Amino acid sequence: MKKYSIILLLFIVFLILLQGFPKKEEKHQNDMEKNQLLYRFYQKEKEERYQQYKQTHPEMEDIDIITRVNLNLDKPYYEDAEPALYLNTNLVFVNKYHYLEENYEPTSLEKLEKCSSGNRLLQKDAKEDFERLCEQAEKEGKTIRVVSSYRSYSYQKTLYDNYVLKDGKEKADTYSARSGFSEHQTGLVIDVDNAIKSFEDFEETEEFTWMQENAHRFGFILRYPKGKEDITGYQYESWHYRYVGEKVATFLKENNMTFDEYIARDLARQGK
Ligand SMILES: [Zn+2]
């Protein structure tokens, strides 16, 4: 009887070890992958800035430090701004360090034919996919309506200048983009409501929940998510959706990643 107990005990120990080994292996694998990622995003000429950022953010993981410095987040907003990246593609990148020229107009603007509160324009791919999104939502009893889409440079300038008059420059900068720095000028962005509540309360609607679950299937992402303000440079905006196409939108959703992080790592991958 005792002999069997020992054999049973050994067998249990064996099972535990068997469980433990692959986990250890897996952890090693994760570390390896992380290091490889770091190596890919790391840009030697930014070494000094990485080190400085690490000193002021000692709790932060290396990969996040590299991502933020690659995005210029160690500099004040709008400083050393450069022209927008990937112009005239669905991945055009506009943020507080990348701008569109005053005379830039998207190439394929079309008028939204449905699910819009007025005469509103979007680029062709974004328009077609948004209309599919809206039809599907309608089938499921949800109303999603565009209240703002393409905004020209001069329109954004009027908006921003009015906010500055009202609240002062510092405050206006926290909630409104300066002209040239607004994603709305790309023609790939929509602000939405549910035709009942104000767009600012979109988070409280069941349409918001629907968007959380489905927007990526039609190529849209929540561009300024909660908890990522320090990366996007914008307050959380539950109503602002950006078109990037289904593939990238799905990748970002699955990886809980912002478009900024995607671009920062993508750029590094290409050695820019
Ligand atoms: Zn917006």
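Only a predicted model underlies this, so the values are computations on that prediction, with no experimental measurement involved.
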For this session: Please answer: with hydrophobic residues joined when any side-chain heavy atoms are less than 4.5 Å apart, are Tyr234 and Phe259 in the same cluster?
Result: no

For this session: Report the C-alpha distance between Ile231 and Arg68 in whole Å, list the side-chain angles of each, state the deciding distance to 0.1 Å, and finish with yes or no for side chain to side chain contact (heavy atoms under 4.5 Å, CB included).
Result: CA-CA 7 Å; Ile231 297 174; Arg68 281 166 170 76; 3.5 Å; yes

For this session: Apply the test side-chain hydrogen bond (donor to acceptor under 3.5 Å, both in side chains) to residues Asp167 and Tyr175: give CA-CA distance (whole Å), side-chain angles for both, the deciding distance (0.1 Å), then the verdict.
Result: CA-CA 11 Å; Asp167 286 332; Tyr175 64 84; 2.6 Å; yes

For this session: Apply side-chain hydrogen bond (donor to acceptor under 3.5 Å, both in side chains) to Arg49 and Asn72, showing your working.
Result: CA-CA 9 Å; Arg49 287 166 61 195; Asn72 283 350; 2.9 Å; yes

Problem set entry | Main-chain N/O of Gln156 paired with Ser182 side-chain donor or acceptor, under 3.5 Å | no

Exercise. With hydrophobic residues grouped by side-chain heavy-atom distances under 4.5 Å, do Trp239 and Tyr243 end up in a single group?
Worked result: yes

Exercise. So which pairs with a foot in residues 90-105 pass salt bridge (Lys or Arg N to Asp or Glu O under 4.0 Å), sequence neighbours left out?
Worked result: none

For this session: Name the orientation class of the two ring planes belonging to Phe130 and Phe220 (parallel below 30°, tilted from 30 to 60°, perpendicular beyond 60°).
Result: perpendicular

Problem set entry | Contact check, side chains of Leu112 and Leu122, non-hydrogen atoms, under 4.5 Å | yes

Exercise. Within the side chain of Glu229, is there an N or O that forms a donor-acceptor pair under 3.5 Å with the backbone of Gly227?
Worked result: yes

Exercise. Between Tyr50 and Tyr42, is the ring centre distance below 6.0 Å?
Worked result: yes

Exercise. Can you hop from Leu188 to Phe181 via hydrophobic side chains spaced under 4.5 Å?
Worked result: no

For this session: Step through the shown structure and confirm whether more than 12 heavy atoms of other residues, nucleotides or ligands are within 6.0 Å of CD on Glu79.
Result: yes

Problem set entry | Stepwise ring pair (Phe, Tyr, Trp, His ring centres under 6.0 Å) test for Tyr262 and Phe251 | CA-CA 9 Å; Tyr262 177 77; Phe251 176 83; 5.8 Å; yes

For this session: Scan side-chain atoms only and decide if Asp125 and Asn90 contain a donor-acceptor pair under the 3.5 Å cut-off.
Result: yes

Seminar exercise, completed: Closest non-hydrogen contact found for His216 with Glu246 is O-CG, 3.7 Å

For this session: Taking all heavy atoms of Asn70 and all of Lys46, pick out the closest pair and write down the distance.
Result: OD1-CD, 3.7 Å

For this session: Could you tell me which non-hydrogen atom of Gln123 sits nearest to which non-hydrogen atom of Thr186, and how far apart they are?
Result: NE2-O, 2.9 Å

Problem set entry | Aromatic ring pairing Phe93/His98, orientation class (parallel under 30°, perpendicular over 60°, tilted between) | tilted

Problem set entry | Lys/Arg-Asp/Glu bridge criterion (N-O < 4.0 Å) met for Arg145, Glu207 | no

Exercise. Do Val244 and Leu91 come close enough that some side-chain heavy atom pair is under 4.5 Å?
Worked result: yes

Problem set entry | Asn255 side-chain N/O to Met257 backbone N/O, donor-acceptor pair under 3.5 Å | no

Exercise. Taking it one step at a time, do Leu121 and Glu110 satisfy side chain to side chain contact (heavy atoms under 4.5 Å, CB included)?
Worked result: CA-CA 5 Å; Leu121 305 173; Glu110 290 184 8; over 6 Å; no

Exercise. When clusters are formed by joining ILVMFWY residues with side-chain heavy atoms under 4.5 Å apart, either directly or through shared neighbours, do Phe218 and Tyr150 land in the same one?
Worked result: no

Exercise. Is a donor on one side and an acceptor on the other found under 3.5 Å between the side chain of Ser176 and the backbone of Ala172?
Worked result: no

Exercise. Taking C-beta and beyond as the side chain, do Leu87 and Leu100 meet within less than 4.5 Å on heavy atoms?
Worked result: yes

Seminar exercise, completed: Taking every heavy atom of Arg132 against every heavy atom of Arg217, the minimum-distance pair comes out as NH2-O, 4.4 Å

Exercise. Is the shortest heavy-atom distance from the side chain of Lys111 to the side chain of Lys127 under 4.5 Å?
Worked result: no

Problem set entry | Option among Glu203, Glu204, Glu206 that satisfies the salt bridge (Lys or Arg N to Asp or Glu O under 4.0 Å) test with Lys197 | Glu204

Seminar exercise, completed: Correct closest heavy-atom pair for Gly187 and Ala126 would be O-CB, 4.3 Å

Problem set entry | Shortest non-hydrogen contact from Val192 toward Phe199 | O-CB, 3.4 Å

Problem set entry | Donor-acceptor pair, side chain of Thr174 and main chain of Glu170, under 3.5 angstrom | no

For this session: For Glu48, look at atom CD and say whether over 12 heavy atoms of other residues, nucleotides or ligands are found less than 6.0 Å away.
Result: no

For this session: May I ask you to decide if Gln212's main-chain N or O and Lys253's side chain share a donor-acceptor pair within less than 3.5 Å?
Result: yes

Exercise. For atom NZ of Lys171, is the number of surrounding heavy atoms from other residues, nucleotides or ligands below 6.0 Å larger than 12?
Worked result: no

Exercise. What's the verdict on side-chain hydrogen bond (donor to acceptor under 3.5 Å, both in side chains) for Asp191 and His184, showing C-alpha distance, side-chain angles and the deciding distance?
Worked result: CA-CA 9 Å; Asp191 292 340; His184 281 275; 3.3 Å; yes

Problem set entry | Val189 backbone acceptor or donor facing Glu183 side chain under 3.5 Å | no

Problem set entry | Side-chain donor or acceptor of Ser108 paired with backbone N/O of Lys124 under 3.5 Å | yes

For this session: May I ask whether Val94 and Tyr77 are part of the same hydrophobic cluster, defined by side-chain heavy atoms of I, L, V, M, F, W, Y residues being less than 4.5 angstrom apart, directly or through others?
Result: no

Exercise. Where does the angle between the aromatic ring planes of Tyr224 and His240 fall among parallel (under 30°), tilted (30 to 60°) and perpendicular (over 60°)?
Worked result: tilted

For this session: Tell me whether the centres of the aromatic rings in Tyr153 and Tyr104 are closer together than 6.0 Å.
Result: no

Exercise. Could you walk me through whether Asn194 and Ile144 pass the side chain to side chain contact (heavy atoms under 4.5 Å, CB included) check?
Worked result: CA-CA 5 Å; Asn194 73 343; Ile144 292 169; over 6 Å; no

Problem set entry | Side-chain heavy-atom pair Thr232, Pro225 within 4.5 angstrom cut-off | yes

Exercise. Do any N or O atoms from the side chain of Asp64 and from the backbone of Met60 form a donor-acceptor pair under 3.5 angstrom?
Worked result: no

Problem set entry | Steps toward side-chain hydrogen bond (donor to acceptor under 3.5 Å, both in side chains) verdict (Gln51, Lys54) | CA-CA 5 Å; Gln51 293 303 340; Lys54 199 177 172 69; over 6 Å; no

Problem set entry | Distance in Å, Cys115 SG paired with Leu133 CG, rounded so as to fall on 0.5 Å steps | 8.5 Å

For this session: Start with the C-alpha gap between Met211 and Lys142, add the side-chain angles, then the distance that decides, and say whether side chain to side chain contact (heavy atoms under 4.5 Å, CB included) holds.
Result: CA-CA 10 Å; Met211 285 294 272; Lys142 310 283 183 284; over 6 Å; no

Exercise. Salt bridge or not for Arg223 and Glu237, using N-O below 4.0 Å?
Worked result: no

For this session: Give a yes or no answer on whether the side chain of Ser149 reaches the backbone of Ile190 with a donor-acceptor pair at less than 3.5 Å.
Result: no

